[in-house]
Amino acid sequence: MAKDVIQPMDDAVRAEARALLREARSAVLATLGPDGHPSASLVGLTTDIDGTPVILISKLAAHTGHLAGDPRASLLISPGGKGDPLAHARITLKVTARQIARGTEEGARIRRRYLARQPKAALYADFPDFAFVALDIEGASLNGGFGRAFAPTPADLLSDPAHAAALAEVEESAVAHMNADHADALGLYATRLLGAKPGEWRAIGLDPEGLDMALGGTGLRLPFPASVDGPAALRKTLAELAAKARSQAA
């Protein structure tokens, strides 16, 4: 986008950009082939706890070979909506691909987070010819609809590293605890705070900016009022949101 149309970032725009990234389940990945020509393909998507996009790719896919030759790529996230598709917000990320080593703490976390968002991928995620790849963000272009253009930095899109590291240590146990002992709160988050239909909503992940939930193939994200910096802040935030939900009219 031309510099003279780029508008300044603010907290509302940052939240909008992060929501596009965090809520996406698929995206268009554009890679560079050996002939230098761009090639685009649809990929499943999740994010690591800090917001870094993560994909699962097969050695048989053309984009895997492209990334091995040149790790630079572009990722387009465009959830769309009713009416004119160009009236809806979308974000393009400039990224550098980085394969995640299996058998590491990072590898285990990313596998868990990816399969929580993409459960059907469990059928093939552990095949030896598949690999998880992190797409480290180098820059971004946010089009918020007609007349709204922004250039978020990686810091605008990613969580505070210290906050992400603190939550990475407790995310798995916190999600399990919410599902085992606080199913009622999850239901209230979904129905009273997010306007979703009733059902057996389950937590599938969390990060400093929000809680991800699912009901069958439907996903929801509950944003936190502020970035949480560790387990104590997480408990406090979830309790306050539950109290807020209970105070809402049924």
Next item on the list: Please confirm whether the backbone N or O of Val43 pairs with a side-chain atom of Ser26, one donor and one acceptor, at under 3.5 Å?
Entry: no
Note to self: Nearest 0.5 angstrom please: Leu142 CG to Leu20 CG, how far?
What the structure shows: 6.5 Å
Note to self: Going by side-chain hydrogen bond (donor to acceptor under 3.5 Å, both in side chains), name the pairs with one or both residues in residues 75-84, residues two or more places apart or in two chains.
What the structure shows: none
Next item on the list: Output, in order, the C-alpha distance, side-chain angles, deciding distance and verdict of side-chain contact (heavy atoms from CB on, under 4.5 Å) for Leu215 and Leu220.
Entry: CA-CA 8 Å; Leu215 175 63; Leu220 278 181; over 6 Å; no
Next item on the list: Please answer whether the main-chain N or O of Leu158 pairs with a side-chain N or O of Arg18 as donor and acceptor at a distance below 3.5 Å.
Entry: yes
Check: Can you check whether Thr64 reaches Thr31 side chain to side chain, under 4.5 Å on heavy atoms?
Finding: no
Next item on the list: Would you name the heavy atoms of Met178 and Ala203 that are closest together and state the gap between them?
Entry: CB-CB, 4.3 Å
Margin query: I'd like to check Ile57 versus Leu67 (side-chain heavy atoms, cut-off strictly below 4.5 Å). Are they in contact?
Written below: yes
Item checked: Closest non-hydrogen atom pair, Leu167 against Pro231 -> CD2-N, 4.3 Å
Notebook entry, point to check: For Ile91, which of Leu21, Leu157, Leu75 qualifies under side chain to side chain contact (heavy atoms under 4.5 Å, CB included)?
Noted result: Leu157
Margin query: What verdict does the side-chain contact (heavy atoms from CB on, under 4.5 Å) test give for Arg202 and Met213, after you've listed the backbone C-alpha separation in whole Å, the side-chain angles of each residue and the deciding distance to 0.1 Å?
Written below: CA-CA 5 Å; Arg202 293 183 58 80; Met213 298 181 290; over 6 Å; no
Item checked: Any residue meeting salt bridge (charged side-chain N to carboxylate O under 4.0 Å, His left out) with Glu138, in chain and number order, not counting sequence neighbours -> none
Checklist line | Distance, nearest 0.5 Å, that separates CG of Leu186 from CG of Leu211 | finding: 6.5 Å
Next item on the list: Provide the closest heavy-atom pair for Gly144 versus Glu16 in the form atom of the first, atom of the second, distance.
Entry: CA-OE2, 4.2 Å
Note to self: Given 3.5 Å as the limit, does a donor-acceptor pair link the side chain of Glu171 with the main chain of Leu206, or not?
What the structure shows: yes
Note to self: Going by the rule side-chain hydrogen bond (donor to acceptor under 3.5 Å, both in side chains), which residues pair with Thr218 if we only count those two or more places apart in sequence or in a different chain?
What the structure shows: none
Next item on the list: Only counting residues at least two apart or in another chain, list the ones meeting salt bridge (charged side-chain N to carboxylate O under 4.0 Å, His left out) with Asp184.
Entry: Arg246
Note to self: Could you check whether any side-chain heavy atom of Arg113 comes within less than 4.5 Å of a side-chain heavy atom of Thr47, counting everything from C-beta outward?
What the structure shows: yes
Next item on the list: Identify, with sequence neighbours excluded, every residue that meets side-chain hydrogen bond (donor to acceptor under 3.5 Å, both in side chains) alongside Asp50.
Entry: Thr52
Notebook entry, point to check: Got a sec, which pairs hit ring pair (Phe, Tyr, Trp, His ring centres under 6.0 Å) with one end in residues 25-70, sequence neighbours left out?
Noted result: none
Next item on the list: Run the numbers on His88 and Phe146 for side-chain contact (heavy atoms from CB on, under 4.5 Å), then give the verdict.
Entry: CA-CA 8 Å; His88 299 283; Phe146 294 120; over 6 Å; no
Notebook entry, point to check: Is there a path of hydrophobic side-chain contacts, each under 4.5 Å between heavy atoms of I, L, V, M, F, W or Y residues, that connects Tyr124 with Val54?
Noted result: yes
Notebook entry, point to check: Is it true that a side-chain atom of Arg109 and a backbone atom of Ala168 form a donor plus acceptor pair closer than 3.5 Å?
Noted result: no
Notebook entry, point to check: Taking all atoms of both residues into account, what is the closest heavy-atom pair of Leu222 and Tyr189, and its distance?
Noted result: CD2-CG, 3.7 Å
Notebook entry, point to check: Do the side chains of Leu238 and Val175 join up, straight or via other hydrophobic residues, at under 4.5 Å, putting them in one cluster?
Noted result: yes
Next item on the list: Would you mind listing every side-chain hydrogen bond (donor to acceptor under 3.5 Å, both in side chains) that reaches into residues 221-244, with sequence neighbours excluded?
Entry: His163-Ser227, Asp207-Arg221, Glu209-Ser227, Asp212-Arg221, Lys236-Glu240
Next item on the list: Report the residues that fulfil side-chain contact (heavy atoms from CB on, under 4.5 Å) with Asp10, sequence neighbours left out, ordered by chain and then residue number.
Entry: Ala12, Val13
Check: What is the minimum heavy-atom distance between Leu234 and Ala174, and which atoms define it?
Finding: CD2-CB, 4.1 Å
Item checked: Asp11: partners by side-chain hydrogen bond (donor to acceptor under 3.5 Å, both in side chains), with sequence neighbours left out -> Arg14
Next item on the list: Taking the side chain as every heavy atom from C-beta outward, state whether Lys197 and Thr191 have any pair of such atoms under 4.5 Å apart.
Entry: no
Note to self: Would you say Leu45 ends up clustered with Val28 if hydrophobic residues are merged whenever their side chains have heavy atoms under 4.5 Å apart, either directly or through other cluster members?
What the structure shows: no
List, one per line, each side-chain donor-acceptor pair under 3.5 Å for residues 127-137, sequence neighbours excluded.
| unit_1 | atom_1 | unit_2 | atom_2 | d |
| --- | --- | --- | --- | --- |
| Asp136 | OD1 | Arg98 | NH2 | 3.0 |
| Asp136 | OD2 | Arg98 | NE | 2.8 |

Next item on the list: Using the test side-chain hydrogen bond (donor to acceptor under 3.5 Å, both in side chains), find all partners of Arg111 that sit at least two apart in sequence or belong to another chain.
Entry: Asp126
Next item on the list: Return the minimal non-hydrogen interatomic distance between Ala214 and Trp201, and the atom names on each side.
Entry: C-CE3, 3.4 Å
Next item on the list: Applying salt bridge (Lys or Arg N to Asp or Glu O under 4.0 Å), run through Glu23 and Arg117 and close with a yes or a no.
Entry: CA-CA 10 Å; Glu23 294 174 13; Arg117 179 65 63 91; over 6 Å; no
Check: So, do Phe150 and Asp156 sit near enough that their side-chain heavy atoms are less than 4.5 Å apart?
Finding: no
Margin query: Quick one about Ser159 and Arg22 (side-chain donor to acceptor, distance below 3.5 Å, no hydrogens or angles considered), yes or no?
Written below: yes
Note to self: For residues Val95 and Ile77: do they belong to one hydrophobic cluster (side chain heavy atoms under 4.5 Å, members Ile, Leu, Val, Met, Phe, Trp, Tyr)?
What the structure shows: yes
Next item on the list: Flag the pair Pro154 / Lys94 as yes when at least one side-chain heavy-atom distance between them is below 4.5 Å, and no otherwise.
Entry: no
Notebook entry, point to check: According to a 4.5 Å side-chain heavy-atom criterion applied to Ile, Leu, Val, Met, Phe, Trp and Tyr, with indirect links allowed, do Phe224 and Leu188 form part of one hydrophobic cluster?
Noted result: no
Check: Residues in side-chain contact (heavy atoms from CB on, under 4.5 Å) with Thr104, at least two apart?
Finding: Ala101, Glu106
Next item on the list: Could you tell me the separation between the CG atom of Leu193 and the CD atom of Gln248, rounded to the nearest 0.5 Å?
Entry: 6.0 Å
